[in-house]
Peer 1: 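One structure, pasted below without further comment.
Only a predicted model underlies this, so the values are computations on that prediction, with no experimental measurement involved.
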Amino acid sequence: MEIKRISDYIWEIPASEKEGMLVPARIYATDKLMREMDAGVLDQVTNVACLPGIQKYAYCMPDGHPGYGFPIGGVAAFSKEDGVISPGGIGFDINCGMRLIRTDLTVSEVTPRIRELVDLMFEIVPAGVGSKGFVKLSVEEFKRVMECGVDWCIENGYGWEEDRERIEENGCIQGADPSKISEKAISRGISQLGTLGSGNHYLEIQIATPDKIFDKAAARAFGIFENQVVVMVHCGSRGFGHQVATDYLRIFDTAMRKYGITVRDRELACAPFNSPEGQDYFKAMKCAANAAFANRQVITHRVRQGFSRILGRNPEEMGMHIIYDVAHNVAKLETHEVDGVEKELVVHRKGSTRCFGPGRKEVPEIYRNIGQPVIVGGSMETGSYLLVGTEKAMTETFGSTMHGSGRTMSRTKAKKGVMGAELKKRMEEAGIIVKAVSMSGLAEEAGFAYKSISEVVDTMEMAGISRKVVELKPIGNIKG
DNA sequence: ATGTGC
């Protein structure tokens, strides 16, 4: 396949390279990241470029790796009028996302209590495959969670009024319709509120690394200072979103025949956005997205309680404000400029993050003159970043950036590379106290199984899409 | 990612 170099950080596969491509594909990467990019990504991103109604380019971010149909790290925007919606472009874990909670505490106050803190968090935030939460819901209440997301949590004592505005979509995407959700999805999801899940999902206690505050103005706006303790939460909609995706992939299989859509790969199953099937999925997807916002909210409540119990002060006194919560597996209706015209588009982000620049109405008022906070998780050994969106992202990538490190090897291969117990020991020697449900699950998340987060972050910064605000280093990790 | 797969 011919790959054209557009700039130091942008590569393009012309639409002439594959039959059926409607737009070119663009990949953000340095030379090194491009050389190491899985060939499956190039195949998938050019398949996406063939989908009806796609606008401008099919994108892949530098953390890209192959996923179900679409690459993880993908961004694709479709015309609202004659484009499609595709579960493969959103991911099975609908509204998998990141939340960052700040504190006024410093490393020296927390380090002496870190083992107790990790132990307590492990106890009060259920993790692992099939884990159940502490919140008991009736079917009617669970449907309220689907419709209201974080609003339900705040009304029921799981959050502060101010939390709402510090969450993408205020923690509640309008238009969620629980009548579009199967019984099976309800039965899987009803007991999972406030749970982490497994895989690379985690709760991490981190430090704002000294000398690694890159953007002083943004750090000030986000309430970040050197040696500060913050808490990062990475999880999504658990079995609930997974079931929604499974249900609608089946429905879309037949819908595609009905609407005469052909795709290069069955995993690209989609339906016209304006069809009844497409709209039903969009409404169901919003239910799962709101459940995921609520999931991270209940976990936040427990994080505040846990810190309070160990440190003997109330969460308000410790300044435990949410900095931001942002999805990296979701489709949204957004207005973007295409060929000089403002258009409403169905923007699919799968393993990519919204990163709106200053001024956009979607950016909370408290951050509007700075830009939207972007939370990206590295591997548990290497650290994470808080970034900020830019003006350039709005014109180049539909206001989107990377989401994390991106795997470089399979889970099976990672497990062969290190034993869980050995990794745990190595991490403790490096000052990271880790408590995991599964030791083999821990090994799958070893740092060597991921791309370098700093390389990926630097790529997006040099491309002008998102800017580094601060690097965050882990001192405690809870995972499934 | 996921009550881990044909």
Peer 1: Looking across every strand, which nucleic acid part, if any, lies under 4.0 Å from A:Arg407 by heavy atom: base, sugar-phosphate, or nothing?
Peer 2: nothing

Peer 1: Ring of A:Tyr450, cation from A:Arg407 - is the NZ or CZ under 6.0 Å from the centre and inside 45° of the axis?
Peer 2: yes

Peer 1: In whole Å, I'd like the distance from the CG atom of A:Asn329 to the C1' atom of B:dT2.
Peer 2: 13 Å

Peer 1: Please collect all ring pair (Phe, Tyr, Trp, His ring centres under 6.0 Å) contacts where either partner lies in residues 33-56 of chain A, sequence neighbours excluded, each pair once.
Peer 2: none

Peer 1: I need the NE2-C1' distance between A:His201 and B:dT4, as an integer number of Å.
Peer 2: 15 Å

Peer 1: Just list the side-chain donor-acceptor pairs under 3.5 Å for residues 431-439 of chain A, sequence neighbours left out, or say none.
Peer 2:
unit_1	atom_1	unit_2	atom_2	d
A:Lys435	NZ	A:Asp119	OD1	3.0
A:Ser438	OG	A:Ser440	N	3.4
A:Ser438	OG	A:Ser440	OG	3.3
A:Ser438	OG	A:Gly441	N	2.7

Peer 1: Is the phosphate of B:dT4 approached by A:Ser198 (side-chain N or O, under 4.0 Å from OP1 or OP2)?
Peer 2: no

Peer 1: Between B:dT2 atom C1' and A:Ile72 atom CD1, what is the distance in whole Å?
Peer 2: 13 Å

Peer 1: Would you mind reading off the distance between A:Ile94 atom CD1 and B:dT2 atom P, rounded to a whole angstrom?
Peer 2: 13 Å

Peer 1: Between atom NE2 in A:His234 and atom C1' in B:dT2, what is the gap in whole Å?
Peer 2: 14 Å

Peer 1: Rounded to whole angstroms, how far apart are CG on A:Asp93 and P on B:dT4?
Peer 2: 16 Å

Peer 1: Figure out the CD/P separation between A:Glu444 and B:dT2, and round it to whole Å.
Peer 2: 12 Å

Peer 1: Rounded to the nearest angstrom, tell me the gap between atom OH in A:Tyr68 and atom P in B:dG5.
Peer 2: 15 Å

Peer 1: Specify whether A:His242 and A:Phe92 have parallel, tilted or perpendicular ring planes, treating 30° as the upper limit for parallel and 60° as the lower limit for perpendicular.
Peer 2: tilted

Peer 1: Checking all strands, does A:Lys184 fall into the base, sugar-phosphate, or nothing category for heavy-atom contacts under 4.0 angstrom?
Peer 2: base

